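Read the structure below first, then the notes.
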Amino acid sequence: QLSKRLARVGELVPEQSRLADIGSDHAYLPVALVLQKKLDFAVAGEVVKGPYEAAQKQVRKNDLTDQITVRLADGLDAIEETDKITAVTICGMGGVLIRDILDAGWTNQRLQGNERLVLQPNIGEKPLRDWLTVHGYTIIEEDILEENNKIYEIIVAARQETRVAYSEKERLFGPILLKKQSPIFYKKWHGEVKQREAILAQLAKASGDQQVRMQQLEKEITEIQEVLSNES
Ligand code: SAM
């Protein structure tokens with residue numbers, strides 16, 4: 001049984017993809033998708049030995065060694081040309097780490113540029129969207145959900161003929177999430193305002209010159225409140 005978060009990621013993986021799940025941990029996602037018969041080939045990549053062994057165990061336990069290859073590798077180095085990967089999932093890490101994994105794969109050409117990316121950053125969505133924008137990706141779907149009192153965003157991206165220039169605001173809030181305006185989206189950003197206000201209060205009490213940082217936070221709060229003012 002997948003978590004709500006991973007189940008939603010799985011729904012966003014196209015049917016019959018050849019999937020690389022990077023940072024797969026127990027390989028729960030590829031195992032579930034193959035058992036659902038949504039996929040029949042996947043690579044589960046892990047850089048840490050413990051989770052790599054857990055992934056191997058999970059694949060063997062489900063008798064899926066013919067369909068799922070588990071590799072001990074850093075990021076997209078888990079992908080080999082003969083895998084003919086068409087979709088990549090990178091989930092449950094910070095957005096900056098996901099960005100760095102994509103960037104390394106872009107540089108060493110493990111990432112071809114035609115794979116569908118389904119990314120689930122725990123934090124740091126903005127630097128991830130910045131990278132996608134600079135590298136010519138279009139954000140084709142986004143979702144936001146809550147599970148165990150945590151709010152997660154999912155970003156689906158692909159490189160398409162026409163390039164989209166996302167604004168700073170779209171890269172912060174998510175171009176599609178901004179349009180969807182779901183209750184969870186508003187809940188997240190109310191929380192983000194509260195967090196920034198708490199930091200501001202601390203900085204106001206701190207010694208030394210906090211002016212620049214405080215002005216930046218005030219600017220961010222104003223931008224967020226502008227978006228929150230659309231809440232019905
Ligand atoms: N993807 C699963 C999920 O969403 O539930 C597991 C998330 S777990 C919190 C993050 C996993 O990413 C860890 O098992 C960690 O070892 C792995 N990881 C971190 N950096 C990595 C990298 N550069 N390459 C491959 N795996 C990595």
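Counting convention: from 1, in listed order, for ligands and their atoms alike. This one's a predicted model, so the numbers in the text were calculated from it and none came from an experiment.
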Q) Taking any residue with a non-hydrogen atom under 4.0 angstrom from an atom of ligand 1, which ones do you get? A) R5, L6, G23, D25, E46, V47, V48, P51, A73, D74, G75, C91, G92, M93, L97, I101
Q) Hey, is the main chain of K38 close enough, under 3.5 Å, to the side chain of Q36 for a donor-acceptor pair? A) no
Q.
Under the rule for side-chain contact (heavy atoms from CB on, under 4.5 Å), what residues qualify as partners of A73, not counting sequence neighbours?
A. D77, A78
**Q.** Partners passing ring pair (Phe, Tyr, Trp, His ring centres under 6.0 Å) against H26 (at least two apart in sequence or in another chain)
**A.** Y28
Q) Under the 3.5 angstrom rule, does the side chain of R171 hit a backbone N or O of Y166 as a donor-acceptor pair? A) yes
Q | Side chains of W189 and V227 in contact at under 4.5 Å (non-hydrogen atoms) | A | no
Show me, pair by pair, the donor-acceptor contacts under 3.5 angstrom made by side chains of residues 119-128, not counting sequence neighbours?
residue, atom, partner, partner atom, Å
Q120, OE1, R5, NH1, 2.7
Q120, OE1, G92, N, 2.9
Q120, NE2, N122, OD1, 2.9
N122, ND2, G92, O, 3.1
E125, OE1, K188, NZ, 3.4
E125, OE2, K188, NZ, 3.4
K126, NZ, D130, OD1, 3.3
K126, NZ, D130, OD2, 3.2
K126, NZ, E168, OE2, 3.3

